[in-house]
Amino acid sequence: MRRPVSDWHVLVGVASVYLALLFNSIEAVRRFSAHQANHVNASGLIGLELLLVLSATAGLFYLASLAGRVMLKSLMAIVLIFSAVSVYYMVFFRVVIGFGIIQATLTTDIDLSKEVVGVGVIAFVLAFGVLPAIALAMTKLTEGAWAGRVLMLAVCSLVCSSIVFIYPSVLKTIAGRTEPRSASPLGVVVHSYVPSNWITGLGMSALSKYESVVRSEKLINPADKFTYRAGTSLDGTYLVIVIGESARYDRMGLLGHARSNTPEMARIPDLVAMRAISCNTTTKLSLQCMFVRPEAVEEDDISGKQTISEDMVFAVLKKLGFTSELFAMQGEVWFYNSVDANYYKHREIIYAREENIGKPLDDLLLVRELEESIAGHPRGKHLVILHTKGSHHLYTHRYPRSYAWYTPECWGTDAPCDRQQLLNSYDNSIAYTDHFLGQVIGKLENKKAVVIYASDHGESIEDNAHLHGTPKHMAPQEQRMVPMMIWASKSFLSNPRNAQHFSGLQARRGRMASHEFIFDSVLGCLGIESDNGGINQGRNLCASNDLPVRIVEKEKK
């Protein structure tokens with residue numbers, strides 16, 4: 001006699017289908033249409049995505065079921081209600097659910113939170129979240145069937161693992177797109193569907209909170225160690241810090257390169273471009289050291305290990321009342337968490353926006369995020385950090401065809417490229433960075449604003465080589481040759497004291513700078529002052545022009 005299907009399986013199956021397929025149906029249609037618009041036959045692709053979400057959701061429920069019926073029903077109710085809230089905003093407001101949204105949801109500012117909760121969301125969540133949760137809670141479950149649940153958990157895990165393994169290859173085959181041109185494909189999928197998007201965001205929020213607590217116990221906050229004050233009013237001020245990637249100053253026309261590949265920067269008044277020395281040779285290490293006081297960095301020349309003892313300049317700005325947001329074309333989540341911004345989006349969240357689906361990775365997408373961030377903070381005193389993809393290899397994938405100014409180019413890693421091909425592609429990527437920075441400054445021309453750009457490290461470029469990351473004490477000089485640029489708007493410079501600070505900067509045009517100057521120069525160029533050593537005027541590029549700026553490595557401890 002055939003055994004009946006266990007009521008545990010029926011409950012998990014119904015809940016999983018309801019969540020993974022019904023709740024995600026509109027998002028799936030949107031993604032299908034977006035792929036079709038990009039000439040991609042996406043039926044199989046969307047089918048794989050939904051199967052991944054379905055098996056992952058069922059696996060989560062089967063895992064909870066091993067702890068008993070109470071745990072299973074409780075988890076189902078939570079997932080249903082939270083997912084209903086997420087779907088409402090995804091469908092009616094086209095919000096991409098991720099870390100930033102979760103952080104905003106968890107804010108203690110009730111006045112801000114209640115502004116986005118209306119009758120519509122309450123009715124939607126009651127109908128599609130609360131009532132189904134009640135119905136599931138009333139379902140009776142028999143004892144036993146434990147072995148069957150373990151088996152189904154294994155099956156779900158196997159399906160998930162298989163899809164995770166084959167999905168990038170399927171995407172490449174169907175879309176004709178290689179990995180360097182896009183964000184992590186699976187990362188985009190995770191941030192596109194419920195419940196994975198809000199669960200991931202919640203996990204990132206918990207990690208951020210944990211890291212914040214750990215850091216606060218270990219790192220000295222310079223805002224507590226020193227006193228800082230605004231020398232001029234910072235009301236209405238916007239500070240934009242752009243972190244470049246792998247850019248070398250000797251490959252920029254603005255800084256002496258024979259090719260005129262930075263025409264937009266060359267035309268912008270009140271912009272000072274300088275040659276600089278990076279504090280390290282990899283993105284991770286440079287992000288650790290470029291925004292802190294040099295005294296807070298301890299290095300081991302043998303192992304290359306670097307230890308940081310103080311928090312970054314962003315902690316000072318926060319204590320002075322700045323709000324902050326960060327938008328990134330990379331995935332250095334540890335850094336984004338350490339900035340302690342009010343809100344951030346990394347590349348997967350940006351690419352999960354409907355209008356970005358299927359597009360190549362393009363730094364210009366950050367300009368829209370910047371524009372929205374400025375509009376959302378009309379009173380200023382606001383910091384925006386943009387982390388670009390810049391000139392990261394493969395250079396040819398960093399710019400559109402309209403910026404293929406120099407040919408022949410280097411198209412891939414499979415076929416060898418000679419030095420000239422690599423340099424042509426690299427110079428084209430610098431030209432697109434020039435355009436990107438022009439767009440950023442263009443959005444701030446009518447604001448009281450300062451923009452600071454610095455690349456994280458340089459790059460060695462030889463025949464069939466595209467390298468950085470050599471240990472600092474033995475790295476060739478080109479891996480530490482980075483550009484730094486500072487620009488201020490006419491509105492910002494209309495204040496005489498601000499204009500005085502920038503006259504000091506203008507006087508240093510053409511001199512060498514360093515990452516070690518960023519902490520003091522960010523504060524100094526904004527007119528922030530310290531009476532007890534919080535700003536080293538010898539490293540402040542905006543100090544009075546009668547003060548020398550020392551371009552030296554910090555003294556060994």
Side-chain angles (χ1 to χ4, degrees), residues 1-25 27-28 47-88 90 97-98 102 105 124-167 186-187 189-207 210:
M1 183 175 177
R2 198 174 192 180
R3 296 183 62 183
V5 177
S6 167
D7 45 13
W8 290 83
H9 299 315
V10 173
L11 182 63
V12 170
V14 170
S16 300
V17 169
Y18 180 78
L19 271 164
L21 302 187
L22 179 63
F23 269 21
N24 288 315
S25 58
E27 181 63 23
L48 270 181
E49 293 176 2
L50 291 177
L51 181 58
L52 175 62
V53 176
L54 177 63
S55 57
T57 304
L60 176 66
F61 290 155
Y62 274 119
L63 182 63
S65 75
L66 301 183
R69 67 187 73 185
V70 174
M71 176 62 75
L72 173 61
K73 291 182 178 181
S74 298
L75 180 65
M76 281 183 171
I78 292 171
V79 172
L80 277 168
I81 293 170
F82 277 51
S83 295
V85 175
S86 300
V87 168
Y88 177 83
M90 289 167 63
I97 307 297
I102 299 299
T105 303
F124 187 92
V125 173
L126 281 173
F128 293 98
V130 175
L131 291 179
I134 293 173
L136 290 174
M138 295 174 64
T139 303
K140 293 183 178 181
L141 294 174
T142 58
E143 297 293 339
W146 195 86
R149 281 176 272 150
V150 172
L151 176 61
M152 289 305 299
L153 174 59
V155 170
C156 291
S157 300
L158 179 61
V159 172
C160 285
S161 301
S162 300
I163 296 174
V164 166
F165 180 75
I166 68 171
Y167 184 86
L186 288 168
V189 172
V190 165
H191 285 91
S192 296
Y193 298 107
V194 294
S196 58
N197 50 10
W198 66 262
I199 291 176
T200 301
L202 192 62
M204 291 173 65
S205 296
L207 176 62
Y210 171 76

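Given the structure is predicted, the values throughout are model-derived calculations rather than measurements. By convention here, the first residue in the shown sequence is residue 1.
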With a 4.5 Å heavy-atom cut-off, do [X] and [Y] have their side chains touching?
X    : Y   : answer
L22  : V17 : no
F124 : V87 : yes
F128 : F23 : yes

Heavy-atom pair with the smallest gap, counting every atom of [X] and [Y]:
X   : Y    : answer
I97 : S86  : CG1-CB, 4.2 Å
L52 : S55  : O-OG, 3.1 Å
H9  : R149 : CE1-N, 3.9 Å
L66 : V150 : CD2-CG2, 3.8 Å
V53 : P195 : CG1-CD, 4.4 Å

Which atom pairs, donor and acceptor, lie under 3.5 Å between side-chain atoms of residues 154-161 and protein residues at least two apart or in another chain?
unit_1 : atom_1 : unit_2 : atom_2 : d
S157   : OG     : L153   : O      : 2.9
S161   : OG     : S157   : O      : 2.8

Among E27, E49, M90, which one satisfies side-chain contact (heavy atoms from CB on, under 4.5 Å) with S192?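 Passing option: E27.
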
Nearest 0.5 Å, please: how far is [atom2] in [Y] from [atom1] in [X]?
X   : Y    : atom1 : atom2 : result
L21 : T57  : CG    : OG1   : 9.0 Å
N24 : N197 : CG    : CG    : 7.5 Å
L60 : I199 : CG    : CD1   : 5.5 Å

Taking side chain to side chain donor-acceptor pair (under 3.5 Å) as the definition, give me every residue that meets it alongside [X], ordered by chain and number, with sequence neighbours left out.
X   : answer
Y18 : none
S16 : none
S65 : none

Has D7 got a side-chain atom pairing as donor or acceptor with T142's backbone, closer than 3.5 angstrom?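 Yes, because the side chain of D7 sits within donor-acceptor range (under 3.5 Å) of the backbone of T142.
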
Full working for side chain to side chain contact (heavy atoms under 4.5 Å, CB included) between Y193 and L50: CA-CA 9 Å; Y193 298 107; L50 291 177; 4.0 Å; yes

Who pairs with F61 by ring pair (Phe, Tyr, Trp, His ring centres under 6.0 Å), at least two apart in sequence or on another chain?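 So F61 forms no ring pair (Phe, Tyr, Trp, His ring centres under 6.0 Å) with any residue.
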
Mind listing the side-chain donor-acceptor pairs of residues 68-80 below 3.5 Å, one per line with the distance, residues two or more places apart or on another chain?
unit_1 : atom_1 : unit_2 : atom_2 : d
R69    : NH1    : L141   : O      : 3.0
R69    : NH2    : L141   : O      : 3.4
R69    : NH2    : E143   : OE2    : 2.3
K73    : NZ     : A137   : O      : 3.1
K73    : NZ     : T139   : O      : 2.4
S74    : OG     : V70    : O      : 2.7

